[in-house]
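See below for the structure under consideration.
Note on naming: letters A, B, ... go to the chains in the order of the sequence lines (proteins, then strands), and numbering restarts at 1 for each one. Every heavy atom of this structure was used, including side-chain atoms; hydrogens, water molecules and symmetry mates were not. This one's a predicted model, so the numbers in the text were calculated from it and none came from an experiment.
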Number of protein chains: 2
Amino acid sequence: MSLQPVRRESAVEAVLDQMHAQVASGAWAVGDRIPGEHELSARLHVSRPAVREAIRALSHVGVLEVRRGDGTYVRSAADPRPLLRRVERASLRDVFEVQLAYDVQAAKLAALRRTPEDLRRLEGLLRNRDAAEDPADFGEADSGFHLAVAETARNPLLTEAFRFFRHRLRESLSAVREDRDLPEGGPERHHAVLAAIAAGDAEAAGRAAALVVAPTLRALEDVL
Amino acid sequence: MSLQPVRRESAVEAVLDQMHAQVASGAWAVGDRIPGEHELSARLHVSRPAVREAIRALSHVGVLEVRRGDGTYVRSAADPRPLLRRVERASLRDVFEVQLAYDVQAAKLAALRRTPEDLRRLEGLLRNRDAAEDPADFGEADSGFHLAVAETARNPLLTEAFRFFRHRLRESLSAVREDRDLPEGGPERHHAVLAAIAAGDAEAAGRAAALVVAPTLRALEDVL
DNA sequence: CAGGTGTCAGATGTCAGACATCTCGCGGTT
DNA sequence: AACCGCGAGATGTCTGACATCTGACACCTG
């Protein structure tokens with residue numbers, strides 16, 4: 001008989017779990033007003049600050065909305081926690097593959113929606129990237145170019161998703177691979193992305209974007 | 001001179017803003033232990049429960065990690081809040097475009113990684129989808145198929161991202177378009193996705209997946 | 001000397017109680 | 001019908017006290 005670690009859950013985590021379950025099950029539907037803090041405190045047999053901490057966490061991620069003096073409402077039943085938990089533990093390959101999906105979609109949309117000013121900006125950023133010699137400068141310039149492509153797509157949601165995942169990716173890389181740089185397609189592949197975007201060719205832009213990341217994924221397959 | 005609404009920020013929101021700024025600026029770097037609750041309370045001139053609420057919110061999204069008895073550490077500087085805020089306010093088109101990126105990437109990876117059992121499962125789900133008559137059943141079967149494709153990709157991060165965004169998409173749709181169904185590619189396009197996945201042809205699978213969503217995006221362009 | 005145990009300071013976790021401030025609904029007045 | 005004032009009920013914030021945990025350090029034993 002093997003002994004299992006005893007995990008004692010905090011009061012706030014227990015409240016969070018119950019609240020999530022209420023929302024997920026539809027007992028508290030989107031638009032509903034949930035019971036007040038005092039009532040939840042009494043019902044759940046925890047202190048009111050514990051209830052408040054749970055509510056604060058859920059309002060921070062957009063699940064609940066607190067209206068002072070009025071009550072607390074359910075704004076969304078889409079719980080981001082599984083995603084956020086997963087991104088904390090995701091392998092580099094997995095993050096790169098998601099990031100690739102963004103890169104490709106951003107390039108396609110950029111090709112459809114770019115303006116002359118966008119193109120000038122992208123050209124400048126690519127020049128910066130080509131000219132960067134110091135690894136920190138290079139990383140910055142590379143990120144700057146990719147992010148600008150995402151912004152050229154004119155889908156703010158895609159841009160924010162891109163930004164968040166890229167930031168996480170950078171952290172995972174520095175935590176694990178301080179000593180080793182992963183390869184990425186060189187200048188000519190980046191120029192090919194820009195050329196396809198300039199030509200307004202979405203399919204070519206998507207293919208070119210995929211070619212930029214391909215060496216990275218290949219290197220990850222070799223290492224893992 | 002126009003008068004502006006006075007927005008009074010709560011103590012907890014002010015603490016959150018300052019903590020975010022500390023993390024984003026690198027003053028509190030990943031791995032660092034931040035000052036304790038009592039110290040922050042004294043320094044920020046707010047009560048300790050206010051500090052606790054802020055810390056709870058940040059630990060909920062993975063930015064901070066609380067170790068009872070030890071202290072509170074910075075786990076990640078990648079703040080998901082801009083993304084989560086954006087997804088709350090995103091247009092249907094924007095969400096669909098991000099979802100499309102997932103669908104395409106999932107189909108491509110599924111083509112590379114599917115097993116015979118995956119294929120049997122996908123076939124069954126597609127049969128369910130074809131047979132569904134009631135709109136609620138149909139929506140469920142459709143989601144089931146798309147999600148199974150994402151799972152076949154064997155990238156858990158992609159699957160969770162897919163799940164979250166699709167849930168949000170569904171909520172946006174029911175909030176705005178209770179009375180109107182958006183078109184999606186019919187059975188033959190879904191079967192084409194499955195055929196490409198079965199054939200192990202990633203490019204064809206990606207193209208087929210894009211064709212499934214194309215009518216939806218076209219309809220959105222017409223409406224918006 | 002190495003390993004184990006106990007103690008303590010400092011950290012988070014939780015609570016009760018009190019008061020401040022806001023919102024909304026209702027009743028009364030014009 | 002529109003407006004105003006009031007009050008109940010809601011969230012917002014604080015103080016102070018105590019509980020529980022962690023890590024570092026000192027001490028003891030083999």
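Atom-to-atom, CG of D70(A) to P of dG7(D) comes out at 21 Å; the value is rounded to the nearest Å. Whole-Å rounding puts the E13(B) CD to dT13(D) C1' distance at 14 Å. Between I34(B) atom CD1 and dA11(C) atom C1' there is a gap of 12 Å when expressed in whole angstrom units. If you measure from atom CD of E37(A) to atom P of dT13(D), you get 10 Å, rounded to the nearest angstrom. Between the CG atom of L64(A) and the P atom of dT11(D) there is a distance of 11 Å, given to the nearest Å. For R52(A) and dA10(D), the CZ to C1' distance is 11 Å, given to the nearest whole Å. Summarising the geometry, the separation between CD on E53(A) and C1' on dG12(D) is reported as 14 Å, rounded to the nearest angstrom. Computed from coordinates, the L44(B) CG to dC14(D) P distance equals 11 Å when rounded to whole Å.
Salt-bridge formation is not detected for the pair R56(A)/E53(A): no Lys NZ or Arg NE/NH1/NH2 atom is positioned less than 4.0 Å from an Asp or Glu carboxylate oxygen. Ion pairing of D79(A) with R163(B) is absent here, as no side-chain N (NZ or NE/NH1/NH2) approaches a carboxylate O to less than 4.0 Å. Using a 4.0 Å cut-off between charged nitrogen and carboxylate oxygen, R81(B) and D17(B) count as a salt-bridge pair. E97(A) and R154(B) are not joined by a salt bridge, as no carboxylate oxygen comes within less than 4.0 angstrom of a charged side-chain nitrogen. Contact check on E151(B) versus R121(B) returns a salt bridge, with a Lys/Arg side-chain nitrogen under 4.0 Å from an Asp/Glu carboxylate oxygen.
Taking every side-chain heavy atom of P49(B) into account, dT15(D) is the closest of dT13(D), dC24(C), dT15(D). Closest approach to the V66(B) side chain among dT13(D), dG13(C), dT14(C) is made by dG13(C) (side chain taken as heavy atoms from C-beta onward).
Regarding contacts with the backbone of dT13(D), every side-chain N or O of S47(B) stays at 4.0 angstrom or more from both OP1 and OP2. Dashed line: the shortest gap from a side-chain N or O of T72(B) to OP1 or OP2 of dT12(C) is under 4.0 Å.
Summary of the strand contacts: E39(B) and V12(A) both lie near DNA chain C, and taking for each the nucleotide with the nearest heavy atom, the more 5' one is attributed to E39(B). Between A50(A) and R33(B), the residue anchored closer to the 5' end of DNA chain C is R33(B), taking for each the nucleotide with the nearest heavy atom.
With hydrogens and angles ignored, a donor-acceptor pair closer than 3.5 Å exists between the side chain of R48(B) and the base of dG13(C). No hydrogens or angles were tested; on distance alone, a donor-acceptor pair under 3.5 Å links the side chain of R68(A) to the base of dT21(C).
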